[in-house]
Amino acid sequence: MKWTDIIGHKDQVTMLRHMESSRRMPHAVLFAGPKGIGKNLVANVVAASLLCSDQEERPCGRCHSCQQISYGSHPDFLHIAPDGTNIKIEQIRMLQQELSMASFSGQRRVCIIDGAELMTTQAANSLLKVLEDPPGEIVFLLLAANKQMLLTTIISRCMVIAFQPLADELLAQDLMAKGYLPETSEVAARLSSGRMGIALALLEPEGLALRNQALEMILKLMDSKLEAVWHSAGVLEKMERNDILEFIKYVTYILRDILLLVTGQGKQWLFNIDVAEELCEVADMWSERRLVTAIRAVETARRALLANANTRLTSEALLIRIYDLAREV
């Protein structure tokens, strides 16, 4: 595990490397950015660097400390992640107990808190006390996909480093370097919105299943009778809410791609470039106005579901709207 393993995030890496090499790493750093963007990898490299025993190149990837971190067995490297849907106060209390004892090496320790925004109120308040008066030499690395969910008092005690999505080209190149095919790499890069973790998940055998389901549903709504609405609504009703929201995201992407084709923007800007031919075939059924209306209807449904609206009724309303728009003259 070395700095060169990190793809992109050059400014963030430069800053972190300088703070580590100059021995000026703050006791608490908050990595803020979307899920799957690479925060965890950067945090692990920082931890390896802080605990590495090499005097010249840190992390060296060769010393006993670096090897222990790679295997997740370093006694001075602590890692907390959500237990279920939250980080609970019991986890923070166990952390406090660990920190009350001397470090194994007699030097510094590093603690990564992944999904820090998912701490319960009690857990967050308990951690706050530790951040205010850290026991011994320790560096906390908090990772959060939604910084706004954290207590402002916790944020104020951290140095905040924001992480942005990678450029599609850079991400696709790295995926190809990992051995993935050029077309699938490009599709994953575009659909992941520049997030390596999401792109790798999309490249799994069933990674594009929801996207493919969304495409199939839209094509059926354009080419079938109204029964397709009831069937599709039934399928959506059985999904977990997070899967429905992901499904709806892909519906937006597909309609957006059809809009680009209708307005003559060409295939080079499509997200779903692997199914460009299918999208070209149905583009003639749509007008720019109707596609914009459909995309707005999808966004309205997404907001309703986020507000815990009834899944079946919301899905039916959206599907009927798309069905009608596809046939409107």
Side-chain angles (χ1 to χ4, degrees), residues 6 8-9 11-16 19-20 24-50 77-100 108-166 192-198 201 241-242 245-246 249 302-303 305-308:
I6 300 169
H9 309 307
D11 292 342
Q12 294 85 346
V13 167
T14 299
M15 183 190 309
L16 289 163
M19 290 190 298
E20 189 281 322
R24 293 181 179 177
M25 184 69 68
H27 83 280
V29 184
L30 171 60
F31 292 177
K35 180 181 177 183
I37 207 166
K39 304 186 299 295
N40 201 293
L41 173 60
V42 176
N44 276 275
V45 174
V46 171
S49 181
L50 291 168
F77 177 42
L78 310 172
H79 189 277
I80 294 177
D83 179 9
T85 57
N86 298 105
I87 294 175
K88 300 174 174 59
I89 190 169
E90 291 79 13
Q91 293 173 269
I92 303 301
R93 284 174 177 164
M94 287 181 65
L95 171 64
Q96 290 172 316
Q97 187 175 351
E98 287 263 1
L99 297 179
S100 67
R108 81 172 101 202
R109 284 180 283 204
V110 180
C111 177
I112 292 177
I113 302 180
D114 195 0
E117 77 274 26
L118 300 177
M119 287 185 287
T120 64
T121 302
Q122 295 89 343
N125 284 322
S126 185
L127 178 66
L128 181 59
K129 295 176 184 177
V130 182
L131 295 179
E132 289 174 337
D133 186 21
E137 191 176 356
I138 181 167
V139 173
F140 289 95
L141 302 173
L142 280 67
L143 317 183
N146 191 344
K147 185 181 74 171
Q148 288 70 28
M149 291 175 64
L150 280 166
L151 294 178
T152 55
T153 44
I154 286 182
I155 297 173
S156 68
R157 283 158 178 79
C158 298
M159 176 181 181
V160 180
I161 299 180
F163 285 76
Q164 306 300 330
L166 301 175
S192 70
S193 301
R195 296 173 290 171
M196 174 62 79
I198 304 300
R241 191 164 291 261
N242 285 341
L245 291 170
E246 193 75 2
K249 179 189 75 174
R302 186 187 72 84
R303 291 179 180 175
L305 289 170
L306 284 172
N308 289 321

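Distance check: Leu50 CG to Leu16 CG gives 9.0 Å after rounding to the nearest 0.5 Å. Between Ile154 atom CD1 and Leu127 atom CG the span is 5.0 Å, to the nearest 0.5 Å. Atoms CG and CG, on Leu128 and Leu150 in that order, are 11.0 Å from each other to the nearest 0.5 Å. In this structure, CG on Asn125 lies 5.5 Å from CG on Leu151, to the nearest 0.5 angstrom.
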Go through the steps to decide whether Ile198 and Ser193 satisfy the test side-chain contact (heavy atoms from CB on, under 4.5 Å), and finish with yes or no. CA-CA 8 Å; Ile198 304 300; Ser193 301; over 6 Å; no
Test Met25 against Val46 for side-chain contact (heavy atoms from CB on, under 4.5 Å), laying out the working first. CA-CA 10 Å; Met25 184 69 68; Val46 171; 4.0 Å; yes
Leu166 vs His9, side-chain contact (heavy atoms from CB on, under 4.5 Å): CA-CA, chis, key distance, verdict: CA-CA 8 Å; Leu166 301 175; His9 309 307; 3.8 Å; yes
Apply the test side-chain contact (heavy atoms from CB on, under 4.5 Å) to residues Leu245 and Arg302: give CA-CA distance (whole Å), side-chain angles for both, the deciding distance (0.1 Å), then the verdict. CA-CA 7 Å; Leu245 291 170; Arg302 186 187 72 84; 4.0 Å; yes
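Put simply, the side chain of Leu118 does not reach to within 4.5 Å of the side chain of Thr85, judged on heavy atoms. Proximity of Met159 to Met19: side-chain heavy atoms (C-beta onward) are separated by under 4.5 Å at one or more points. Considering only heavy atoms from C-beta on, Ile92 comes within 4.5 Å of Ile80 through its side chain.
Residues Ile37 and Pro165 come closest through the heavy atom pair CD1-N, 3.2 Å. Listed here is the closest heavy atom pair of Arg157 and His27: O-CE1, 4.0 Å.
Enclosure of atom CZ in Arg241 by more than 12 non-hydrogen atoms of other residues, nucleotides or ligands within 6.0 angstrom is indicated.
Using a 4.0 Å cut-off between charged side-chain N and carboxylate O, Lys129 and Glu132 make no salt bridge.
Applying the side chain to side chain contact (heavy atoms under 4.5 Å, CB included) criterion to Lys147, with sequence neighbours excluded, gives Leu30, Ala32, Ile155, Val160.
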